[in-house]
K.L.:
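This structure is in structure tokens; I'll ask about it shortly.
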Amino acid sequence: MLSRQFVRDDPEAVRRALETKGVDVDLEGLLETDAEWRELKAEGDDLRRRRNEVSNEIGELKREGDDEAAAAAIERSGELKEELAAVEKRAEELEADLERALLRLPNVPHPEAPVGDDESDNVETERWGFEDRRELPAEVTPHYDLGEELDVLDFERGAKVSGGGFYVAKGEGARLEHALVQFMLDLHRTEHDYTDVFPPIPVNSASMRGAGQFPKFVEDAYRVGGDNDEPYDDDDLWLLPTAEVPVTNMYRDEILLNDDLPIKHQAYTPNFRREAGEHGTETRGIVRVHQFNKVELVNFVRPEDSYDRLEGLLGEATAVLERLGLPYRVLEMCTGDMGFAQAKKYDVEVWAPADDMPEGPEAGGRWLEVSSVSNFEDFQARRAGIQYRPEQHESAEYLHTLNGSGVAVPRVVVAVMEYYQNDDGTVEVPEPLRPYMGGTERIEGGEKVGESAVGDG
RNA sequence: GCCAGGAUGGCCGAAUCUGGUAAGGCGCACGCCUGGAAAGCGUGUUCCCGUUCGGGAUUCUGGGUUCAAAUCCCAGUCCUGGCGCCA
């Protein structure tokens with residue numbers, strides 16, 4: 001959320017943000033409402049001052065025993081009370097309107113962020129790991145086919161148990177997921193100075209709003225009880241779409257000490273997304289599913305440090321891929337593609353060599369987004385009321401929040417299964433993951449069970 | 001889930017029974033004092049609106065009673081203790 005002060009003082013900046021981010025909000029209406037509210041506020045304050053005066057007078061008169069004068073004063077006070085009620089009722093309505101409108105204003109992009117409409121205007125800033133890449137089989141089998149052949153990914157049973165868009169990882173597939181999670185957590189803890197957090201998976205509406213998910217993205221969330229179309233209260237529960245939501249909200253409505261900062265938390269959780277309207281060949285397999293594991297990095301920093309930290313966070317995300325030896329690229333998001341709450345954002349995309357896509361690299365295959373690294377500046381902090389006190393005698397200020405995936409697990413599984421694929425259809429386990437898989441060096445698959453396996457060539 | 005107690009500024013803590021300007025202490029900043037410091041003294045230390053200055057709001061949240069609510073009533077949230085249940 002932007003501050004009222006900021007919107008009032010610099011409507012031009014807000015207008016630019018609306019334009020470059022492609023958001024349609026009635027800014028003029030908001031400014032008018034604010035102006036009207038301020039008038040009413042002054043009027044109400046004045047009435048209240050007069051009422052307070054009368055009230056004090058009554059106290060004095062009563063003490064002096066002048067009941068007659070007191071009765072007269074009580075009557076005057078009653079009149080003021082009625083007037084005041086009318087003015088303040090209107091002011092309250094306006095303030096609620098104002099608050100609602102403010103929640104719909106997007107964050108203002110960083111001045112250096114590339115301006116553009118959609119993903120085609122994003123700017124590639126880095127590409128890693130293509131020069132000395134591994135030799136691949138002549139024909140790389142896509143992970144969804146290989147996963148079924150090896151019986152490490154089971155889509156049919158995932159759909160049976162939970163529905164389309166869910167999968168079951170089995171045997172070495174399941175172990176690979178666990179290994180990746182543990183490997184990432186260890187890396188960030190020991191080398192990037194992160195403190196682990198294991199948060200609740202259901203989060204309340206207030207947390208969803210604090211992280212900037214609501215009210216805009218209600219239809220993407222899984223609601224615990226009730227229908228998404230029904231009205232919701234602050235304490236209604238939703239399955240988290242990213243650990244960013246509970247972790248950012250841990251310090252909601254708190255004032256942190258200057259010495260506490262920076263705070264670096266990492267959290268592994270499953271993530272739940274409805275992915276309404278996302279279908280097609282690009283989503284076969286485990287590239288886009290309703291539940292996936294992710295290690296999320298969340299930072300709380302002093303405002304002056306946030307842009308240095310953004311670069312640091314990007315390095316912490318890409319470190320995962322570099323350790324695993326997986327080629328990737330980094331994109332700087334343009335204004336139209338960076339999202340509602342972000343001021344600046346990078347995407348990290350890993351190379352999955354199997355399915356040739358028009359937008360993929362020259363080497364073939366496609367890019368898969370595994371991390372999105374963002375600086376929210378004070379946008380989330382203001383929504384969620386997270387402040388810090390620079391000096392003990394000074395008033396509290398909103399701090400800056402950042403986060404980045406560190407990283408999303410299933411898409412790394414895709415990259416591993418395709419990039420580390422051998423000619424014989426087995427998969428090489430990247431060196432750093434072996435200790436987490438009991439020394440397993442290669443994924444050779446398991447025996448399928450059940451009658452459906454009997455007739456399977 | 002039931003019963004009891006509790007929530008007051010950055011922190012601690014009085015006022016609550018008996019409605020009438022929210023004590024005091026700590027921390028921190030600035031000033032005075034000092035050769036310099038400590039101590040001492042003074043001022044400041046939440047948010048909002050309007051220019052200094054002023055005004056308004058603010059005792060967990062939301063309602064109610066009252067001319068007037070930290071104080072009385074109702075509902076809720078969280079914390080503590082006891083009982084019950086339970087992976």
Side-chain angles (χ1 to χ4, degrees), chain A residues 1-9 30-103 198-210 231-237 246 249-261 263 300 302 378 381-399:
Chain A
M1 175 162 67
L2 301 173
S3 81
R4 262 192 240 182
Q5 194 74 45
F6 177 79
V7 176
R8 208 178 277 155
D9 292 347
L30 192 158
L31 292 169
E32 278 169 35
T33 306
D34 180 57
E36 196 184 335
W37 172 79
R38 278 187 290 168
E39 258 173 59
L40 283 169
K41 160 92 170 143
E43 201 179 322
D45 281 358
D46 189 53
L47 283 168
R48 204 169 264 279
R49 178 182 55 80
R50 283 157 61 194
R51 197 193 63 153
N52 287 345
E53 280 168 8
V54 174
S55 222
N56 283 336
E57 212 178 298
I58 293 167
E60 273 175 47
L61 291 171
K62 289 247 177 184
R63 264 194 302 280
E64 288 164 13
D66 190 344
D67 289 343
E68 205 175 308
I74 285 171
E75 189 162 332
R76 243 185 311 145
S77 173
E79 287 162 17
L80 286 172
K81 191 185 176 182
E82 271 175 43
E83 248 180 284
L84 184 62
V87 170
E88 288 196 334
K89 179 163 179 283
R90 177 74 184 131
E92 257 173 54
E93 286 166 7
L94 288 178
E95 188 152 34
D97 288 348
L98 217 47
E99 209 62 22
R100 259 195 301 280
L102 274 174
L103 281 172
F198 191 56
I201 307 300
V203 294
N204 56 36
S205 315
S207 295
M208 292 290 267
R209 186 183 54 246
Y232 55 85
D233 289 326
D234 262 13
D235 47 6
D236 284 338
L237 293 174
N249 278 280
M250 279 172 60
Y251 304 112
R252 186 170 77 222
D253 297 323
E254 287 194 40
I255 296 172
L256 302 174
L257 304 176
N258 190 42
D259 288 346
D260 295 335
L261 305 180
I263 291 176
F300 303 84
R302 296 181 198 96
D378 63 0
R382 183 171 287 108
R383 271 172 112 94
I386 313 170
Q387 297 172 291
Y388 82 110
R389 203 174 291 284
E391 297 283 350
Q392 267 203 54
H393 63 284
E394 287 180 11
S395 56
E397 280 178 34
Y398 291 104
L399 46 71

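Bear in mind that the values here come from a model prediction, so they are computed numbers and not experimental data. So that the names make sense, note that chain A is the first sequence line, chain B the second, and so on, each numbered from 1.
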K.L.:
Ignoring hydrogens and angles, tell me if any N or O in the side chain of A/R389 forms a donor-acceptor pair with the backbone of A/E394 under 3.5 Å.
P.N.:
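Answer holds: yes.
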K.L.:
Given that both distances must come in under 3.5 Å, which nucleotide forms a Watson-Crick or G-U wobble pair with B/U52?
P.N.:
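In the structure as shown, B/U52 has no Watson-Crick or wobble partner.
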K.L.:
Can you tell me the Watson-Crick or wobble partner of B/A39, both distances under 3.5 angstrom?
P.N.:
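Its partner is none (no Watson-Crick or G-U wobble pair with both distances under 3.5 Å).
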K.L.:
Considering every strand and a 4.0 Å limit on heavy-atom distances, what is the contact class for A/S395: base, sugar-phosphate, or nothing?
P.N.:
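The residue A/S395 makes sugar-phosphate contact but no base contact.
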K.L.:
Which one is paired to B/A7, where only Watson-Crick or G-U wobble pairs with both distances under 3.5 angstrom count?
P.N.:
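B/U77 - that is the nucleotide pairing with B/A7, both distances being under 3.5 Å.
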K.L.:
Please give the distance between the P atoms of B/C73 and B/G5 as a whole number of Å.
P.N.:
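My reading of the P atoms in B/C73 and B/G5 gives 12 Å.
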K.L.:
Looking at B/G27, which nucleotide sits across from it as a Watson-Crick or G-U wobble partner, both distances under 3.5 angstrom, or is there none?
P.N.:
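When the pairing criteria are applied, B/U45 turns out to be the nucleotide that pairs with B/G27.
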K.L.:
Go through the steps to decide whether A/I263 and A/Y251 satisfy the test side chain to side chain contact (heavy atoms under 4.5 Å, CB included), and finish with yes or no.
P.N.:
CA-CA 11 Å; A/I263 291 176; A/Y251 304 112; 4.2 Å; yes
K.L.:
Look through every strand shown and name the nucleotide pairing with B/U58 as Watson-Crick or G-U wobble, where both distances are under 3.5 Å.
P.N.:
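Check on B/U58: unpaired, no WC or wobble geometry under 3.5 Å.
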K.L.:
Does A/R389 have a side-chain nitrogen or oxygen under 4.0 Å from the phosphate oxygens OP1 or OP2 of B/G9?
P.N.:
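For A/R389, the contact criterion (side-chain N or O under 4.0 Å from OP1 or OP2 of B/G9) is not met.
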K.L.:
Rounded to whole angstrom, note down the C1' distance from B/C33 over to B/U43.
P.N.:
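My reading of the C1' atoms in B/C33 and B/U43 gives 15 Å.
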K.L.:
Hey, does A/D46 reach any base, or is it just sugar-phosphate, or nothing, if we go heavy atoms under 4.0 Å?
P.N.:
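Touches nothing.
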K.L.:
Looking at RNA chain B, which of residues 83-101 of chain A put a heavy atom within less than 4.0 Å of it?
P.N.:
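Nucleic-acid contacts, sorted: none.
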K.L.:
Just verifying a value: how many Å separate A/I255 CD1 and A/I386 CD1, rounded to the nearest 0.5 Å?
P.N.:
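The distance works out to 12.0 Å.
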K.L.:
With a 4.0 Å limit, can you tell me whether A/R51 has a side-chain N or O closer than that to the phosphate oxygens OP1/OP2 of B/A68?
P.N.:
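So the side chain of A/R51 is within the cut-off, an N or O lying under 4.0 Å from OP1 or OP2 of B/A68.
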K.L.:
Is there a donor-acceptor pair closer than 3.5 Å between any side-chain N or O of A/S205 and the backbone N or O of A/D236?
P.N.:
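Yes.
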K.L.:
I'd like the P distance from B/A39 over to B/C49, given in whole Å.
P.N.:
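B/C49 and B/A39 have their P atoms separated by 39 Å.
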K.L.:
Touch check for A/R50, heavy atoms < 4.0 angstrom, all strands: base, sugar-phosphate only, or nothing?
P.N.:
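A/R50: no heavy atom of the nucleic acid under 4.0 Å.
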K.L.:
With both distances under 3.5 Å as the test, what is the Watson-Crick or G-U wobble partner of B/C83?
P.N.:
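Paired with B/C83, as far as the under-3.5 Å criterion goes, is B/G1.
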K.L.:
Check whether any side-chain N or O of A/N52 sits under 4.0 Å from OP1 or OP2 of B/U21, and answer yes or no.
P.N.:
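No, because none of the side-chain N or O atoms of A/N52 sits under 4.0 Å from OP1 or OP2 of B/U21.
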